[in-house]
Amino acid sequence: MKFLRRKFYIATDEEILNGEATDVYFTRVEKILESAGLKDKKVRAEFHTYGLPKDYSWAIFAGLEEALNVLENHKVDVYALPEGTLFREREPVMLIEGEYYDFALYESIILGILRHYTSIATKTARIKYAAGNKQVLFFGLRSLHPALAPLADRAALIGGADSVSGVLSKKYLGVEPSGTMPHSLMIIVGDQAKAWKLFDENIDESVPRIILVDTFWDERIETELAMKTLGKKLYGVRLDTPSSRRGNFRKIIEEVRWALDLNGFKNVKIIASGGLNEEDINELKDIVDAFGVGTSIAFPPSVDISMDIVEVYENGEWIPRTKRGKLPGAKKIYRCPGFKDQILPWNKSPEKCEDGSEPKLLLKKYIENGKLIEPLPDLKEIRKLVLSQLNELANITF
């Protein structure tokens, strides 16, 4: 069998848009529908999750822009939550209405986009929620195939990350990457102080002087050396202590903070990184100014969004029909203050909210007969929506 060898085994834009990056059984169902004269069979297909990861009570919907790019110019109508919207189990995040033949090839493609984006954005939002007013820096690109770097950075920013490290994010997202130095600098130079001086002499002054203080010696000792070496230029110290040497990470950080304060460096920030998750952040956020988080965001628990046909158009009317285990019929979500949602059949009106206000319809129509009809927000607007919802969550339990 002949096959195409590539430098990197990734699908091109064209292969995604023309439906090649799909599962083979969707090509087979296309063939069957054509043979059976069912190409014009209209359906409503709903995207939802019937089970969030363990300990999750909500997720953040992300990936909509790319999903719409796939569906644009196909004869379908698309309804969806605005990107960045908080949702829960069984709530529809997107709905496609049209002839199934027109979008059958794209089920796996769209699910892959939505699941990946939503999983990263949701984990980031959980990390940011735990961190509160402390900064979250996404450093997870080394955990991923490089082709996914801009995607991962974008999803993390949607989820509330304060900065990302990917160089391509400036090119594709308009976001200036953050980051100072790797351990390799100190190892190559062979002397921490000399390495830090070289960094200070060669890197633009706009980059904060955040020093890694765990390469060769004890963290407090390296912090004291950093104070002597950089003086008032020292903006922060980062502790990336490996787990094999960490012991009680909090006590190490407390010791570093004591040394900084004792020597008149109260303004110097402490950044913690290295295998952190929500539990670690909750334990450290009172003594840490920022968190560098990589793998737990880059490889998060999967938010398993699935697509199911929920209605079929027959004899001039929509007939609720789906596989067992799923609720038949197209649905809408109406939201009241406090994230009190009503999931209702497509044509049913909601009840008023407890405070007497009218519930907000969450699903918007984005594509009509293949044409994009709703303007898409930029990355900053989506992130702002997520952060506003995280603020609302502070006094809410589901």
Side-chain angles (χ1 to χ4, degrees), residues 48-49 52-53 55-68 79-89 91-94 114 117-138 152-164 169 173-176 178 278 281-282 285 289-291 293 297 300 303 305 332-343 350 352-366 374-398:
H48 45 223
T49 178
L52 291 170
D55 299 327
Y56 282 36
S57 58
W58 49 267
I60 297 295
F61 179 56
L64 177 63
E65 182 177 321
E66 289 191 17
L68 294 176
Y79 301 81
L81 301 180
E83 192 157 15
T85 300
L86 181 148
F87 69 95
R88 287 174 278 180
E89 289 182 4
E91 295 185 338
V93 297
M94 192 167 84
L114 296 183
Y117 262 104
T118 296
S119 299
I120 292 177
T122 299
K123 184 65 174 183
T124 310
R126 287 172 59 86
I127 294 284
K128 182 62 179 174
Y129 182 69
N133 63 351
K134 303 301 176 71
Q135 286 199 326
V136 173
L137 323 171
F138 176 54
D153 277 352
R154 183 174 185 271
L157 287 165
I158 286 173
D162 295 283
S163 67
V164 295
S169 288
L173 307 177
V175 173
E176 194 71 40
S178 296
E278 296 97 314
I281 289 171
N282 278 320
K285 64 184 178 183
D289 299 288
F291 297 94
V293 186
I297 288 176
V303 178
I305 297 171
K332 291 181 178 177
I333 315 172
Y334 293 87
R335 177 158 293 170
C336 288
F339 299 101
K340 294 178 180 178
D341 295 351
Q342 301 175 46
I343 307 174
K352 284 195 173 185
C353 301
E354 291 178 359
D355 62 1
S357 63
E358 292 294 332
K360 180 183 179 183
L361 175 62
L362 293 188
L363 290 176
K364 288 186 176 182
K365 194 173 191 178
Y366 282 92
E374 179 75 21
L376 299 177
D378 63 24
L379 182 56
K380 289 181 180 179
E381 291 177 88
I382 301 170
R383 181 175 179 273
K384 184 178 179 180
L385 170 62
V386 172
L387 293 177
S388 70
Q389 292 170 120
L390 295 183
N391 287 336
E392 286 185 57
L393 282 175
N395 298 312
I396 298 172
T397 55
F398 293 135

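Values in this document were obtained by computation on a predicted structure and should not be read as measured data. This chain uses plain numbering: 1 for the first residue, then up along the sequence. Scope of the values below: all heavy atoms of this structure, side chains included, with no hydrogens, waters or symmetry mates.
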Identified side-chain contact (heavy atoms from CB on, under 4.5 Å) partner of Leu157 from the options Thr124, Ile382, Val164
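Between Leu157 and the candidates, side-chain contact (heavy atoms from CB on, under 4.5 Å) is satisfied uniquely by Val164.
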
Partner residues of [X] under the side chain to side chain donor-acceptor pair (under 3.5 Å) criterion, sequence neighbours left out:
X	value
Glu65	Arg154
Glu358	none
Thr118	none

Check whether any side-chain N or O of [X] sits under 3.5 Å from a backbone N or O of [Y] as a donor-acceptor pair, and report yes or no.
X	Y	result
Thr122	Ile60	yes
Lys128	Lys123	no
Tyr117	Ile158	no
Glu83	Leu64	yes
Glu91	Ile343	no

Give the minimum heavy-atom separation between [X] and [Y], together with the two atoms involved.
X	Y	result
Phe138	Ala161	CB-CB, 4.5 Å
Ala80	Met94	CB-CG, 3.8 Å
Gly84	Val386	O-CG2, 3.4 Å
Tyr366	Pro82	OH-CA, 3.2 Å
Ser119	Val303	OG-N, 2.9 Å

Do the non-hydrogen side-chain atoms of Ser163 and Gln135 ever get within less than 4.5 Å of each other?
no

List in chain and number order the residues that pass side-chain contact (heavy atoms from CB on, under 4.5 Å) with Pro359, two or more places apart in sequence or in another chain; answer none if no residue qualifies.
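Listed in chain order: Tyr334, Cys336, Gln342, Pro350, Cys353.
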
Residue pairs involving residues 378-392 (criterion side-chain hydrogen bond (donor to acceptor under 3.5 Å, both in side chains); sequence neighbours excluded)
Asp162-Arg383

Residues in ring-ring contact (aromatic ring centres under 6.0 Å, His included) with Phe61, at least two apart?
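Phe61: no ring-ring contact (aromatic ring centres under 6.0 Å, His included) contacts found.
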
